[in-house]
Amino acid sequence: MQSWDLVRANLTSPMVLAFVMGLLATWLRSDLRLPAELYTVLSFYLLFSLGLKGGEELVHTPFLMVWKPALATLGLGVTVPLLAYFLLRRLGKQSVTDAAAIAAHYGSVSVVTFSAAQTMLTMGGFKPEGFLPALVALLEAPAIIVALGLARLRTGRANGEGVREALRDLLTGKSIFALVGGLLIGVICGPEGVKPVTVFFFDPFKGALTLFLLELGMVTARRLRDLRSASRFLWIYAILGPILHGSVGVLLGTSVGLSVGGSAVLGSMAASASYIAAPAAVRVALPDANPGYYLGMSLGITFPFNLTLGIPLYAALSLYLHGGHG
Amino acid sequence: MQSWDLVRANLTSPMVLAFVMGLLATWLRSDLRLPAELYTVLSFYLLFSLGLKGGEELVHTPFLMVWKPALATLGLGVTVPLLAYFLLRRLGKQSVTDAAAIAAHYGSVSVVTFSAAQTMLTMGGFKPEGFLPALVALLEAPAIIVALGLARLRTGRANGEGVREALRDLLTGKSIFALVGGLLIGVICGPEGVKPVTVFFFDPFKGALTLFLLELGMVTARRLRDLRSASRFLWIYAILGPILHGSVGVLLGTSVGLSVGGSAVLGSMAASASYIAAPAAVRVALPDANPGYYLGMSLGITFPFNLTLGIPLYAALSLYLHGGHG
Amino acid sequence: MQSWDLVRANLTSPMVLAFVMGLLATWLRSDLRLPAELYTVLSFYLLFSLGLKGGEELVHTPFLMVWKPALATLGLGVTVPLLAYFLLRRLGKQSVTDAAAIAAHYGSVSVVTFSAAQTMLTMGGFKPEGFLPALVALLEAPAIIVALGLARLRTGRANGEGVREALRDLLTGKSIFALVGGLLIGVICGPEGVKPVTVFFFDPFKGALTLFLLELGMVTARRLRDLRSASRFLWIYAILGPILHGSVGVLLGTSVGLSVGGSAVLGSMAASASYIAAPAAVRVALPDANPGYYLGMSLGITFPFNLTLGIPLYAALSLYLHGGHG
Amino acid sequence: MNLVELKRITIISEALLEERLLADIRRLGARGYTVTEVRGEGSRGVRASEWEGNNIKIETIVAPEIALTILAWLSERYFVSYAVIAYQETVEVVRGEKYV
Amino acid sequence: MNLVELKRITIISEALLEERLLADIRRLGARGYTVTEVRGEGSRGVRASEWEGNNIKIETIVAPEIALTILAWLSERYFVSYAVIAYQETVEVVRGEKYV
Amino acid sequence: MNLVELKRITIISEALLEERLLADIRRLGARGYTVTEVRGEGSRGVRASEWEGNNIKIETIVAPEIALTILAWLSERYFVSYAVIAYQETVEVVRGEKYV
Ligand SMILES: Nc1ncnc2c1ncn2[C@@H]1O[C@H](COP(=O)(O)O)[C@@H](O)[C@H]1O
Ligand SMILES: Nc1ncnc2c1ncn2[C@@H]1O[C@H](COP(=O)(O)O)[C@@H](O)[C@H]1O
Ligand SMILES: Nc1ncnc2c1ncn2[C@@H]1O[C@H](COP(=O)(O)O)[C@@H](O)[C@H]1O
Ligand code: NA
Ligand code: NA
Ligand code: NA
């Protein structure tokens with residue numbers, strides 16, 4: 001069956017295996033360490049390269065092809081956090097602050113999940129549309145704004161000053177900045193202008209992603225411990241949530257005309273939970289929310305789930321919705 | 001018009017845009033940070049790679065072709081600091097120490113400006129002579145020695161001990177060491193011997209330069225603030241000085257037989273102001289000179305000016321002097 | 001003569017010259033510094049890439065071809081430390097702890113020496129067997145275990161707790177972890193799966209090794225000072241020891257059917273002294289042994305000796321034993 | 001040479017708070033500060049960054065009255081919600097006048 | 001705001017000992033610690049790592065009795081064979097109760 | 001275990017001065033030192049390096065007389081032209097004899 005093939009190809013890719021190696025390094029208490037500086041450099045590199053590639057492709061994409069997916073993405077950025085907040089409050093009995101904090105994470109997007117999805121779909125023969133990185137930039141902020149707004153409405157706790165600071169920081173935040181910076185440079189330079197730097201920014205991308213995932217594996221393993229005190233509902237939501245949000249993403253992507261690969265990647269974006277932009281914003285605006293919950297869920301459970309099983313699942317759904325063919 | 005084309009090509013290159021992105025990151029107070037370790041590694045990488053490439057090309061360059069440009073370079077290294085010192089004292093009314101300190105910077109050379117000039121000229125179709133990196137190594141130290149000598153003559157302030165220490169440090173300084181080390185290895189190994197490492201040292205060069213310029217943009221933006229207290233004359237000199245020194249460089253280059261590209265690059269070298277070797281030497285030998293002035297001028301104004309408008313200007317002048325053709 | 005050619009090719013390779021440049025940087029008191037983080041990242045990169053390449057090749061190597069060299073390697077891991085310990089005690093009059101500590105280092109393996117040997121032999125036209133990195137993984141630990149066991153037998157000083165801790169750390173130690181992790185990923189992914197990341201992990205390998213050797217040169221120069229107080233015997237052993245162990249390795253490699261290149265590399269492995277895994281283990285289990293001796297010898301003398309003269313020597317011996325032909 | 005007795009305040013906190021804390025201590029009268037990247041563990045151990053234990057240590061030398069103002073403000077504003085610890089010591093500073 | 005007088009212990013040692021030292025001070029009663037990467041030179045200068053001078057500094061704030069226990073243990077267990085130095089100071093800690 | 005009262009000197013300065021400062025304190029009698037990379041801002045804020053705020057912190061434990069000699073030397077030699085701050089504290093050092 002085709003989706004099993006995807007799962008298998010996925011699980012035996014260097015990227016996923018490097019992530020597992022990182023997990024093991026921490027669990028087996030190896031003294032293997034990669035410096036935090038490498039993490040910083042690689043995450044900038046991945047974001048900037050993604051942006052550059054996206055920008056370069058955006059140049060020769062007709063606007064007509066982009067506006068519907070862009071609207072769909074903004075729609076996801078508003079719907080998913082509301083959905084997540086509602087479920088976490090009603091079914092999960094979480095406090096307003098914790099529910100809003102978690103909703104902000106699930107509404108936003110993980111760039112590494114996006115990269116992994118794009119790489120895997122391309123390797124599986126379903127090349128997604130080239131302008132998707134632009135959508136990532138659109139999906140990052142809105143959910144966080146919606147969730148912080150919600151918390152502010154429901155309590156006085158997310159005090160104005162904190163929220164305002166968090167929003168300002170958000171729009172100049174490093175991940176948006178790197179991605180949008182790359183995008184703009186890609187758009188301005190165009191394919192010809194970008195060519196001299198492709199050896200540096202495009203060719204080693206998959207290898208750099210592999211190395212980054214190894215380091216992320218070590219970080220993830222440490223983060224899982226923070227979930228000890230979390231209720232069982234949160235553990236479950238960290239897996240069923242993504243499936244739900246991801247399905248909405250795939251559906252929406254398909255309905256606005258994205259290809260099999262494109263819809264699957266949009267699904268993966270919707271399913272993914274932010275662990276760079278959202279935590280920084282939430283920590284400032286909602287200091288009473290428990291970081292152990294929101295980071296533990298998004299980095300400790302949802303990220304590995306998406307990386308291994310989630311992406312193939314959204315790909316299978318996308319394939320099915322497109323009538324079983326690329 | 002051809003020189004406008006150069007300006008435009010220049011301003012829309014990934015390198016210059018990355019530099020602007022770095023400036024913006026600081027001005028918009030983004031939390032984007034690249035670790036200082038990356039800066040150290042990239043600057044070594046650029047210097048060493050340049051040296052290696054230059055050395056490899058030097059092997060099959062007849063000595064007859066090199067000795068005149070080499071003498072011209074040494075001439076620049078003596079003339080430019082004297083010229084700058086004179087103007088800064090007479091017209092600018094600067095103190096002896098500040099004038100000497102600034103003259104040391106403008107007489108020496110910025111390797112990144114050199115790399116950018118070489119890359120841009122090559123991309124514009126005017127490939128400069130391959131042995132130019134050897135000239136960079138020749139241009140770095142003399143001006144600093146001349147300027148410190150001047151200061152010592154005019155005051156007792158640049159005390160002997162400090163000057164001697166500064167000179168010893170200068171000749172084993174990291175930038176000369178990396179460049180000359182690369183040069184020698186390139187000469188010894190020759191093109192065949194270097195081949196196995198070209199994938200690492202040559203192919204990613206332009207991309208690495210782009211990343212370095214991004215980081216340098218952030219640093220530059222912070223340095224500009226130091227100029228607040230500087231007199232208007234210094235602001236002006238930071239732009240007119242390079243044009244003057246650069247023109248001398250292009251003229252001299254043309255007169256010793258360098259090609260359009262080669263003369264333009266020699267002009268860019270003369271126009272550029274050091275911000276690695278010179279500050280370190282000056283800080284030790286002339287502790288009373290204001291670092292806010294010399295670093296603010298060379299890094300905050302002259303570097304961006306050369307990167308954007310200066311290099312095309314020297315290229316246009318070189319083209320004109322060569323009769324309008326490559 | 002062919003072996004002189006090897007020596008010359010070796011001494012004029014970018015790798016060896018970069019190492020010399022690193023030595024000079026320290027001896028001439030240059031302020032050239034490469035951050036410790038780069039060292040960490042490069043050593044991980046080299047180990048992981050080696051493993052990956054080895055794993056990928058292991059997939060299509062029949063088991064029959066591997067088992068004999070594997071046994072020979074384990075044999076070396078037991079014989080060499082016993083031999084070294086015996087000589088250091090009897091002829092060298094070293095204390096039990098120092099003898100055991102040094103024996104642990106010479107019995108284990110230096111991955112950089114291995115990489116250099118593999119690269120040089122390949123460049124010299126004697127491509128070694130692809131599965132050799134797997135043997136490196138086998139050679140790292142046993143000698144350390146044997147030597148610590150010896151020390152424990154002869155004194156009560158290597159107290160049980162320390163030895164147990166050291167052994168646990170050893171098997172999850174960063175160098176084994178990186179190498180074996182790469183190996184397993186290479187085996188699981190196979191050549192097809194690894195292909196997308198070869199641009200990152202394989203192509204820049206030689207360049208990365210060059211950069212690493214430059215940094216290692218700086219470290220080595222500082223380490224040499226630690227040998228001031230060592231007896232003359234230790235200086236001599238640091239050169240004659242490797243020749244002895246290396247010859248045993250070449251002989252054993254030839255006798256189990258390895259090619260000229262393979263035997264020469266196995267000899268280089270035997271001749272090399274560990275300076276990552278062994279020092280960490282020995283410092284914990286034998287705190288009274290003098291790190292100045294074991295690190296000074298392995299990093300300060302044996303490593304440069306092998307890099308420059310040793311490898312060509314083992315290659316010449318291997319060539320001779322194989323009847324003078326590849 | 002004159003030595004002046006001043007207070008050195010040390011604040012250890014999650015890295016996220018750096019800018020805020022620096023703005024606060026400057027506003028409350030500190031004339032300078034020094035920041036070190038550190039890592040650590042405490043009783044709470046929560047950290048809103050992927051990199052657990054990624055902390056900063058801020059040290060500032062101030063006059064005793066200002067030290068108390070700063071410590072009081074930190075205690076009130078940050079101690080409940082964030083991973084922060086702060087303490088003061090007496091130090092003898094060369095040319096200490098300039099920090100007051 | 002209440003300030004409590006406590007002891008701050010500082011341990012500087014070769015990086016290799018980090019995990020061990022942290023395990024020890026935790027076992028002896030420390031409730032938290034902060035680690036800084038430093039480099040240095042001393043009288044012995046031996047170091048079992050390629051990178052000479054690659055040390056760590058561990059700081060922990062504890063009650064005075066615990067401080068003495070920790071220092072005594074360090075002195076007995078590590079000082080002979082390893083490159084370690086340790087000292088204590090008195091600090092005034094904001095909300096110091098939580099570290100005792 | 002014996003604790004000896006000694007002085008700990010802390011010097012914060014622009015990174016450029018590291019080698020010089022270390023040579024000086026060694027010459028004046030220090031038997032060891034520890035260096036940390038830090039960043040900071042002060043009243044002057046000038047720095048002759050592209051990387052603003054790139055400072056070092058040198059700590060050395062010495063006998064009280066030596067502490068005064070070192071501080072006096074720093075004050076006279078460096079304070080006018082360079083970005084340097086220095087202070088001393090009393091610390092109780094385990095096996096403190098070896099630092100004197
Ligand atoms: N007793 C202590 N001694 C030294 N540092 C501490 C101590 N307790 C906490 N810290 C530091 O303060 C940070 C925050 O502590 P906490 O809020 O208790 O998690 C920790 O990560 C440590 O770096
Ligand atoms: N007098 C001192 N002052 C400050 N730090 C010291 C002193 N002596 C030793 N150290 C530190 O402790 C480490 C180990 O010292 P040692 O065991 O004497 O080699 C050194 O690398 C320094 O970081
Ligand atoms: N009041 C202060 N407290 C702590 N560190 C300071 C203080 N003033 C200056 N510094 C440090 O000393 C360096 C040089 O200070 P300055 O010479 O005033 O620019 C600064 O970059 C800071 O790292
Ligand atoms: Na999402
Ligand atoms: Na110049
Ligand atoms: Na060996």
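Throughout, a chain's letter reflects where its sequence line sits, starting with A, and its residues are numbered from 1.
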**Q.** Under 4.5 Å from a heavy atom of chain C, the part of F48(B) involved
**A.** side chain

Q.
Heavy-atom pairs under 4.5 Å with chain C - which of P204(B), G181(B), S175(B) has more of them than the others?
A. G181(B)

Q: Assess whether side chain to side chain contact (heavy atoms under 4.5 Å, CB included) is satisfied between L211(C) and F44(B), documenting all intermediate values.
A: CA-CA 10 Å; L211(C) 187 55; F44(B) 172 80; 3.6 Å; yes

Q | Portion of R29(C) that has a non-hydrogen atom of chain B nearer than 4.5 angstrom | A | both

**Q.** NZ (K127(B)) with more than 12 external heavy atoms under 6.0 Å
**A.** yes

Q. Going from CG on D31(C) to OG1 on T172(B), what distance comes out if it is rounded to the nearest 0.5 angstrom?
A. 6.5 Å

**Q.** Between NZ on residue K195(B) and NZ on residue K206(C), distance to nearest 0.5 Å
**A.** 12.0 Å

**Q.** Option that, when pairs with chain C are counted at under 4.5 Å, heavy atom only, ranks first among I185(B), V41(B), V199(B), L38(B)
**A.** I185(B)

Q) Where does L214(C) contact chain B at under 4.5 Å (heavy atoms): side chain, backbone, both or neither? A) side chain

Q | Under 4.5 Å from a heavy atom of chain C, the part of F201(B) involved | A | side chain

Q) What part of L28(C) lies closer than 4.5 angstrom to a heavy atom of chain B: side chain, backbone, both or neither? A) both

Q: Please flag which part of T210(C) lies under 4.5 Å from any non-hydrogen atom of chain B: side chain, backbone, both or neither.
A: side chain

Q. What heavy-atom pair brings K174(B) and L32(C) nearest, and what distance separates the two atoms?
A. CB-CA, 3.7 Å

Q: Determine whether F177(B) and M21(C) make a side-chain contact, defined as any pair of heavy atoms from C-beta on separated by less than 4.5 Å.
A: yes

Q) Does the side chain of F200(B) reach to within under 4.5 Å of the side chain of L209(C), using non-hydrogen atoms? A) no

Q) If you look at every heavy atom in C189(B) and L17(C), which pair is closest and at what distance? A) SG-CD1, 3.5 Å

